[in-house]
K.L.:
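Provided herewith is a single structure, encoded as structure tokens, for subsequent inquiry.
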Amino acid sequence: GPPLVRAARGSGRSSLTHSRQRCLRVPPLLSYHPTTCQLLRAPSAACQVHVAFHGCEQTVWDIGERFPLETGYNRWAAANDMIVLYPQARRTAVNPKGCWDWWGYTGLDFASKLGVQMQAVHRMVEHLA
């Protein structure tokens, strides 16, 4: 597969990038940009975005970058000219294992696009544009 290196967008190399932007409860923003998507003036116009949600106890604080580096999404994205977004759920008192909300700890709208986490992820996708 393509090399995975830390690089600024537009450097001509595939990269895993970090952004410390605060988006409600789900920072930081990790994303993978294949070379072809980096070289485009408006990458989201030509390169689709895939959102890869980690499992419980699989945040960057738990296992480092193993989820984005070892799941195979980046190889798949490079072969298909796609950007992969790796949002991170936070551990809290009501979410001690760092899970994405599948039982309602963020509120009654957790399973809809009105949910706090889904709104945050939507903003992250827009940020990639």
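If you read the sequence from its start, that first residue is 1, and numbering goes on from there. These values consider heavy atoms only, across backbone and side chains, with no hydrogens, waters or symmetry-generated copies.
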K.L.:
Applying side-chain hydrogen bond (donor to acceptor under 3.5 Å, both in side chains), can you list everything that pairs with N80, at least two apart in sequence or on another chain?
P.N.:
none
K.L.:
Could you point out which residue of N74, V60, V51 forms a side chain to side chain contact (heavy atoms under 4.5 Å, CB included) with Y86?
P.N.:
N74
K.L.:
Under a 3.5 Å distance rule, please check whether D109 uses its side chain to pair with a backbone N or O of S112 as donor and acceptor.
P.N.:
no
K.L.:
For residues M118 and K113, report the shortest heavy-atom separation together with the two atoms involved.
P.N.:
CB-CA, 4.1 Å
K.L.:
Output yes when a side-chain donor or acceptor of Q117 lies under 3.5 Å from a complementary backbone atom of D101, and no otherwise.
P.N.:
yes
K.L.:
Between A89 and C99, which heavy-atom pair has the shortest distance, and what is it?
P.N.:
CB-O, 3.6 Å
K.L.:
Salt bridge or not for K97 and D62, using N-O below 4.0 Å?
P.N.:
no
K.L.:
Hey, is the main chain of G55 close enough, under 3.5 Å, to the side chain of Q58 for a donor-acceptor pair?
P.N.:
yes
K.L.:
Are the side chain of Q119 and the backbone N or O of L114 linked by a donor-acceptor pair below 3.5 Å?
P.N.:
yes
K.L.:
Verify the cluster assignment for V94 and W102: are they in a single hydrophobic cluster under the rule of side-chain heavy atoms below 4.5 Å apart?
P.N.:
yes
K.L.:
Measure across H33 and L128 and return the closest heavy-atom pair with its distance rounded to 0.1 Å.
P.N.:
CE1-CD2, 3.9 Å
K.L.:
So which atom in H54 and which in F67 form the shortest heavy-atom distance, rounded to 0.1 Å?
P.N.:
CA-CZ, 3.8 Å
K.L.:
Got a second to check how far W61's CH2 is from Q88's CD, nearest 0.5 Å?
P.N.:
5.5 Å
K.L.:
What's the separation between atom OH in Y105 and atom OG1 in T92, rounded to the nearest 0.5 Å?
P.N.:
6.0 Å
K.L.:
If you apply the rule side-chain contact (heavy atoms from CB on, under 4.5 Å), what do you find for N95 with W103, and how did you get there?
P.N.:
CA-CA 10 Å; N95 182 29; W103 69 90; 3.6 Å; yes
K.L.:
Evaluate the side-chain proximity of P87 to M124: yes if any heavy-atom separation is below 4.5 Å, no if none is.
P.N.:
yes
K.L.:
Rounded to the nearest 0.5 Å, what separates atom SG in C47 from atom CD1 in I83?
P.N.:
5.5 Å
K.L.:
Is there a side-chain contact between P68 and V84, using heavy atoms and a 4.5 Å cut-off?
P.N.:
no
K.L.:
Holding to ring pair (Phe, Tyr, Trp, His ring centres under 6.0 Å), I want the full list of residues that pass it with H50, two or more places apart in sequence or in another chain.
P.N.:
Y73, W76
K.L.:
Assign the ring pair F53 / W100 to parallel, tilted or perpendicular, where the plane angle (0 to 90°) is split at 30° and 60°.
P.N.:
perpendicular
K.L.:
Looking at every heavy atom in both V116 and T106, which two are closest together, and how far apart are they?
P.N.:
CG2-O, 4.3 Å
